[in-house]
Amino acid sequence: MSRRIKRMNPKPRSRDERDDSRPQQTRGAKKAGPRPGGKPGGKPPRFAGERAERRGPERAERRPPKEAPERAAPEKPVEALLPTKVQTVKVSADENNMRVDRFLEARFPGLSFSHIQRVVRKGELRVDGKRVDSKDRLEEGQSVRIPPLKLDAPKVVGELSEAAQKTLKALKDMTIYEDDDVLVLNKPAGLAVQGGSGMTRHIDQMLEVMRDSKGQKPRLVHRIDRETSGCLLIAKTRFAASHLTGAFRSRSARKVYWALVPGLPKPKQGRISTFLAKEESEDDTIMRIAQHGDEGASHAVTYYAVVETAGNKLTWVSLKPVTGRTHQLRAHMEHIGHPIVGDPKYFNIENWQLPGGLQNRLHLLARRIVIPHPRGGVIDATAPLPPHMQQSWNLLGLDASRFDPIENAPEE
């Protein structure tokens, strides 16, 4: 399979081009300006251009709008929005290629993950008259039969048990940003975001202890792999869930990942564009490089940049996914010949030995997330290196405070 890597054009786009390519901002949102590292009032720095001032230590902040944003109108109760009888809806252009479970989450934010899985598993939800799996993807124009839906009975909120108090403390210890609407966690490596076969402890289950007096539980807005650590965004209200889900769908959420890979990627900064499709076997499920038109194939785009090297053996890379496909970064780095160190699914270099002292664990961190706040302004959260990656950085002499050139990568 030939590789598709393009050097990024260092020529910055004009202001008109940038403005036309971005979604319309709502009142109270952050005004347009130079990307981080740019000079005020001037052109944005090129991807490979001048160095910017180093950002401070790990942080999370909400940048307030210059004007106080208007408060949203009172929400209708979720029960009033749920269908009480069978209905059929059409998949819109914005919902094209969306997973079935995420389609339901986006349309009905009050539904629990377990209820969504139940109606799909029982075949109560049909697409063009056929049963589907929750991970199947929808196409624009398809007809979706939605059965009557209801909220799970809320648990009685009372004094927390000792186990629940420990869970709540664990969540607080992970928290790097929180307000009335939004929570950003620094998810540790090895802790799953959602449940699976035989899995009893995961973030979605832990959030049960944060139900409010009305029985409302914080909702997952996106997911990261179990062995990936770092920023995980949670909506604490239905209002926030709707807005944040929309931000991910419109690609106005910006994510940056750090990884450690073998060798030195060439060119040092580039764009990876492929189609990815799921490949299942008896033992495992991975994403393979596919061709346009292949069944289940989705387009995926990733920008990467070399930050620092440790000799010619290992390289610290920064990654910016434009799309959000399953295992996208892991599959893309393997595709260009530099799989992420410690990846049990995609690291397949023969006779390659891990340098002494480094742990054989996935070296991938969801370093930063920048996303419009539902009530105006911008959330900007940064996660520190997890212990196993910090150990590797120390052993290799890598400086985590270095300027990250991915800051100035294009947004599309």
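Keep in mind that what you see is a predicted model, and the values were worked out from it rather than measured. Computed over heavy atoms, backbone and side chain alike; hydrogens, waters and symmetry mates excluded.
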Ignoring hydrogens and angles, tell me if any N or O in the side chain of [X] forms a donor-acceptor pair with the backbone of [Y] under 3.5 Å.
{"X": "Thr167", "Y": "Ala163", "value": "yes"}
{"X": "Asp225", "Y": "Glu227", "value": "no"}
{"X": "Ser273", "Y": "Val301", "value": "no"}
{"X": "Lys236", "Y": "Ala240", "value": "no"}
{"X": "Arg131", "Y": "Arg121", "value": "yes"}
{"X": "His338", "Y": "Pro262", "value": "yes"}

Which distance, rounded to the nearest 0.5 Å, do you find between the [atom1] of [X] and the [atom2] of [Y]?
{"X": "Ile371", "Y": "Ile379", "atom1": "CD1", "atom2": "CD1", "result": "6.5 Å"}
{"X": "Trp316", "Y": "Met389", "atom1": "CH2", "atom2": "CE", "result": "9.0 Å"}
{"X": "Leu329", "Y": "Leu319", "atom1": "CG", "atom2": "CG", "result": "5.0 Å"}
{"X": "Leu365", "Y": "Lys187", "atom1": "CG", "atom2": "NZ", "result": "10.5 Å"}
{"X": "Tyr257", "Y": "Ile224", "atom1": "OH", "atom2": "CD1", "result": "6.0 Å"}
{"X": "Met98", "Y": "Arg249", "atom1": "CE", "atom2": "CZ", "result": "4.5 Å"}

Tell me the closest heavy-atom pair linking [X] and [Y], and the distance in Å.
{"X": "Ala300", "Y": "Thr323", "value": "CA-OG1, 3.2 Å"}
{"X": "Trp258", "Y": "Ala400", "value": "CH2-O, 3.4 Å"}
{"X": "Tyr304", "Y": "Pro267", "value": "OH-O, 2.6 Å"}
{"X": "Pro355", "Y": "Lys313", "value": "CG-CE, 3.8 Å"}
{"X": "Ser298", "Y": "Asn97", "value": "OG-ND2, 3.1 Å"}
{"X": "Ile146", "Y": "Leu149", "value": "CG2-CD1, 3.9 Å"}

Are side-chain heavy atoms of [X] and [Y] found at a separation under 4.5 Å?
{"X": "Val322", "Y": "Tyr303", "result": "yes"}
{"X": "Val144", "Y": "Phe103", "result": "yes"}
{"X": "Glu334", "Y": "Asp343", "result": "no"}
{"X": "Leu276", "Y": "Ile289", "result": "yes"}
{"X": "Arg330", "Y": "Pro344", "result": "yes"}
{"X": "Asp380", "Y": "Tyr177", "result": "no"}
{"X": "Leu314", "Y": "Leu358", "result": "yes"}
{"X": "Leu232", "Y": "Met174", "result": "no"}

Does a donor on one side chain and an acceptor on the other come within less than 3.5 Å for His335 and Thr274?
no
Identify, with sequence neighbours excluded, every residue that meets side-chain contact (heavy atoms from CB on, under 4.5 Å) alongside [X].
{"X": "Asn186", "value": "Ile176, Ala383, Pro384"}
{"X": "Lys122", "value": "Arg118, Glu124"}
{"X": "Asn360", "value": "Leu354"}
{"X": "Ser92", "value": "Asp94, Glu95"}

Any salt bridge linking Arg99 with Asp101? Criterion: basic side-chain nitrogen under 4.0 Å from a carboxylate oxygen.
yes
Tell me whether Lys217 is salt-bridged to Asp204, with the criterion being a basic N under 4.0 Å from an acidic carboxylate O.
yes
Using side chain to side chain donor-acceptor pair (under 3.5 Å) as the criterion, list what pairs up with Gln359, not counting sequence neighbours.
Gln391
Among all residues two or more places apart in sequence or in another chain, which pass the side chain to side chain donor-acceptor pair (under 3.5 Å) test with Thr285?
none
Trace of the side-chain contact (heavy atoms from CB on, under 4.5 Å) decision for Leu185 with Thr175:
CA-CA 4 Å; Leu185 301 179; Thr175 300; 3.6 Å; yes
Centroid-to-centroid, His243 to His373, below 6.0 Å?
no
For [X], salt bridge (charged side-chain N to carboxylate O under 4.0 Å, His left out) partners two or more places apart:
{"X": "Lys278", "value": "none"}
{"X": "Asp180", "value": "none"}
{"X": "Lys169", "value": "Asp173"}
{"X": "Arg223", "value": "Glu105"}

How would you list all residue pairs meeting salt bridge (Lys or Arg N to Asp or Glu O under 4.0 Å) that involve residues 344-363, not counting sequence neighbours?
Asp284-Lys345
Thr245 and Arg219: CA distance, side-chain angles, deciding distance, side-chain contact (heavy atoms from CB on, under 4.5 Å) verdict
CA-CA 10 Å; Thr245 301; Arg219 300 162 177 81; over 6 Å; no
Result of checking Val341, Thr228, Leu260 against Leu362 for side-chain contact (heavy atoms from CB on, under 4.5 Å):
Thr228
Qualifying residue for side-chain contact (heavy atoms from CB on, under 4.5 Å) with Val127, from Val91, Asp136, Leu138:
Leu138
Pick out which of Arg367, Arg368, Lys320 makes a salt bridge (Lys or Arg N to Asp or Glu O under 4.0 Å) with Glu407.
Arg368
Residues passing the ring-ring contact (aromatic ring centres under 6.0 Å, His included) test with His332, sequence neighbours excluded, are none
Test side-chain contact (heavy atoms from CB on, under 4.5 Å) on Leu171 and Leu183 and set out the steps.
CA-CA 10 Å; Leu171 289 170; Leu183 177 68; 5.9 Å; no
Show your working on side-chain contact (heavy atoms from CB on, under 4.5 Å) between Leu220 and Ile234 and close with a plain yes or no.
CA-CA 5 Å; Leu220 298 169; Ile234 309 289; 3.5 Å; yes
